[in-house]
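Chain naming here is simple, since letters A, B, ... match the order of the sequence lines and numbering starts at 1 in each.
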Number of protein chains: 2
Amino acid sequence: MGQYGLRERKKHRTRLALIDAALDLFAEQGYEATTVDQIAAAVDVSPRTFFRYFATKEDVALSLPLDGQEVMLAELAARPPEEPPFTALGHAMRAVVTGLEEADPADTARFLKARELIENTPALFAGSMRRLMGNEQRLTEEIARREGVGDDDLLTHFVVALFVSVARASFEHCQVDDILAAGSISGRLEAVLALAEGALRPGWDRPSARPQFIEGSSGQVAT
Amino acid sequence: MGQYGLRERKKHRTRLALIDAALDLFAEQGYEATTVDQIAAAVDVSPRTFFRYFATKEDVALSLPLDGQEVMLAELAARPPEEPPFTALGHAMRAVVTGLEEADPADTARFLKARELIENTPALFAGSMRRLMGNEQRLTEEIARREGVGDDDLLTHFVVALFVSVARASFEHCQVDDILAAGSISGRLEAVLALAEGALRPGWDRPSARPQFIEGSSGQVAT
DNA sequence: TGTCACTTGTCAGCGACTGTCATAAATTAC
DNA sequence: GTAATTTATGACAGTCGCTGACAAGTGACA
């Protein structure tokens, strides 16, 4: 038997089936107009079971982008500690985007479908923001840990908040067609990162204790 | 026979009564544990009427900070057009904060009560973020109008997103006790604005001032 | 094969929220 | 001042998101 038992594979399959069915129904008749009962019926599952897979109706639409945020966290944790905060965040983000662009086309398509839906549905967009903000907190904690400062360090909050703004700008207002053009999403990410680099003073994201070190290291790794 | 008729005054009174009752109940027994029926009963009004004043249970807690955001919009619109975007945003924000600090103590207390509640209630915090993001869009449109660029201008998005991050950092993690100390909130705003000033290159928020900076810095920060 | 753990369906119920209609109160017209 | 009109409210019924509890089915493992 594979590393996953029949039970786990079955669970994974119904989970994906629920996501696909939900995404289709949402696209067809709109998010609000679709009931959980309909989604459950489409997968031939009881409505109660739906809520055993997703805590809320919102979650079924947001789960994919949410997974992406988990990857981001993991990538950030893997960055070398010497890297300045903003640089590390940028590289982690690049890893997520390229990972997405190189993934199984079916997965990529699902992801883009979800993102387009979220963009065009106010309620989902709101929920997406909520999760994003929750994630910002976790990114802040990680950066604070790396830099050896407290969770309430003002500069750390500022750095992460600024980065999240950049990340948002990269993803927003991307129509699916644009994104499907090869590398468009990472291209956009680079554009916004370059914009940020151009607006910010070198070494801005570290307390000015070691300007020359930052000068030397951040200069080459950017992009 | 003032400028408002009896009807309007009555409406305004019940609206405030609903907010006060809700804030009290939320503080007492928690947001989730409080039902709309309880709030309505406390003001001696039918539950149906509650929803004629507030679209959702969330709204009754968020309405005050939301009003503040409207003021922010108005203040921004009143700034002279020559002001660079970030400067104008900063001054508008200062006007909002000082306006808040100089208001009727009862109003200020209500506002702070609402903010504290939002800070400590995940569901409300999430909702607050949602509204904030909605407002960011409006700020972006206003800045784009001032600068004579399109709604999708990348720099404009970046400037506003960055500013909103700064504004958030100013308000978050402020305990009520801290804020009640005179001017504490504007003090914090100034601190974060100063932090931003120190991190950003002069003229970063206007396209015309940027070419030589990009040229000069591209060696170390880009490509 | 039988035991055990886990997943699922069914049902009953709470609470947020909405449409509808009748009533009461305030505003305006005469 | 009274009548007509507009507007706020209450009462009621209903939908939908979501949860707890219990029973039945299904894979895991000895």
With the criterion being N/O to N/O and under 3.5 Å, what pairs connect the protein with nucleotides 23-27 of chain C, and how long is each?
| unit_1 | atom_1 | unit_2 | atom_2 | d |
| --- | --- | --- | --- | --- |
| C:dA25 | N3 | B:R7 | NH2 | 3.4 |
| C:dA26 | N3 | B:R7 | NH2 | 3.4 |
| C:dT27 | OP1 | B:L6 | N | 2.9 |
| C:dT27 | OP1 | B:R7 | N | 3.2 |

Close N/O contacts between protein and nucleotides 16-19 of chain C (under 3.5 Å):
| unit_1 | atom_1 | unit_2 | atom_2 | d |
| --- | --- | --- | --- | --- |
| C:dA16 | OP1 | B:T34 | O | 3.4 |
| C:dA16 | OP1 | B:K57 | NZ | 3.2 |
| C:dA16 | OP2 | B:V36 | N | 3.3 |
| C:dC17 | OP2 | B:K57 | N | 2.6 |
| C:dG19 | N7 | B:R48 | NH2 | 3.1 |
| C:dG19 | O6 | B:R48 | NE | 2.8 |

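Annotation: cation-pi pair B:K57/B:Y31 present, NZ/CZ under 6.0 Å from the ring centroid and within 45° of its normal.
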Open item on the list: What verdict does the side-chain contact (heavy atoms from CB on, under 4.5 Å) test give for A:R168 and B:E136, after you've listed the backbone C-alpha separation in whole Å, the side-chain angles of each residue and the deciding distance to 0.1 Å?
Closed with: CA-CA 12 Å; A:R168 266 199 314 123; B:E136 180 175 321; 2.8 Å; yes
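Taking the side chain to side chain contact (heavy atoms under 4.5 Å, CB included) definition, one finds that A:D152 meets it with nothing, sequence neighbours left out.
Within the 4.0 Å cut-off from OP1 or OP2 of D:dT9, at least one side-chain nitrogen or oxygen of B:Y53 is found. Residue A:T49 has no polar side-chain atom (N or O) positioned under 4.0 Å from OP1 or OP2 of C:dT8.
Nearest heavy-atom pair across B:T108 and B:A103 is OG1-O, 3.7 Å. A:L155 and A:W204 get closest at one heavy-atom pair: CD1-O, 3.8 Å. Of all heavy-atom pairs between A:A114 and A:A61, the closest is CB-O, 3.8 Å. Among all heavy-atom pairs drawn from B:P80 and B:R146, the shortest one is O-NH2, 3.0 Å. A:A196 approaches A:V166 most closely through the heavy-atom pair CB-CG2, 4.2 Å. The nearest pair of heavy atoms linking B:S128 to B:L62 is N-CD1, 3.9 Å.
Within a 6.0 Å sphere centred on CG of B:D44, other residues, nucleotides and ligands contribute 12 heavy atoms or fewer.
Of the residues in residues 123-134 of chain B, not one comes within less than 4.0 Å of DNA chain C through any heavy atom.
Note: CZ (B:R13) to C1' (D:dT9) measures 15 Å, nearest angstrom. In this structure, CG of B:D44 is placed 13 Å from P of D:dT9, rounded to the nearest angstrom.
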Under 3.5 Å donor-acceptor pairs involving side-chain atoms of residues 12-20 of chain B, not counting sequence neighbours:
| unit_1 | atom_1 | unit_2 | atom_2 | d |
| --- | --- | --- | --- | --- |
| B:T14 | OG1 | B:K10 | O | 3.2 |
| B:T14 | OG1 | B:K11 | O | 2.9 |
| B:T14 | OG1 | B:Y53 | OH | 2.8 |
| B:D20 | OD1 | B:R110 | NH1 | 3.0 |
| B:D20 | OD2 | B:R110 | NH1 | 2.6 |

- [ ] Using a 3.5 Å limit on both pairing distances, list the dot-bracket string of DNA chain D from the 5' end; Watson-Crick and G-U wobble pairs count, crossing pairs take [ ], interstrand pairs take |.
- [x] ||||||||||||||||||||||||||||||
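For the side chain to side chain contact (heavy atoms under 4.5 Å, CB included) with A:T156, the lone residue among A:L154, A:V159, A:D153 that qualifies is A:D153.
Judged by distance alone, with hydrogens and angles left aside, the side-chain atoms of B:R130 form no donor-acceptor pair with the main-chain N or O of A:F125 at under 3.5 Å.
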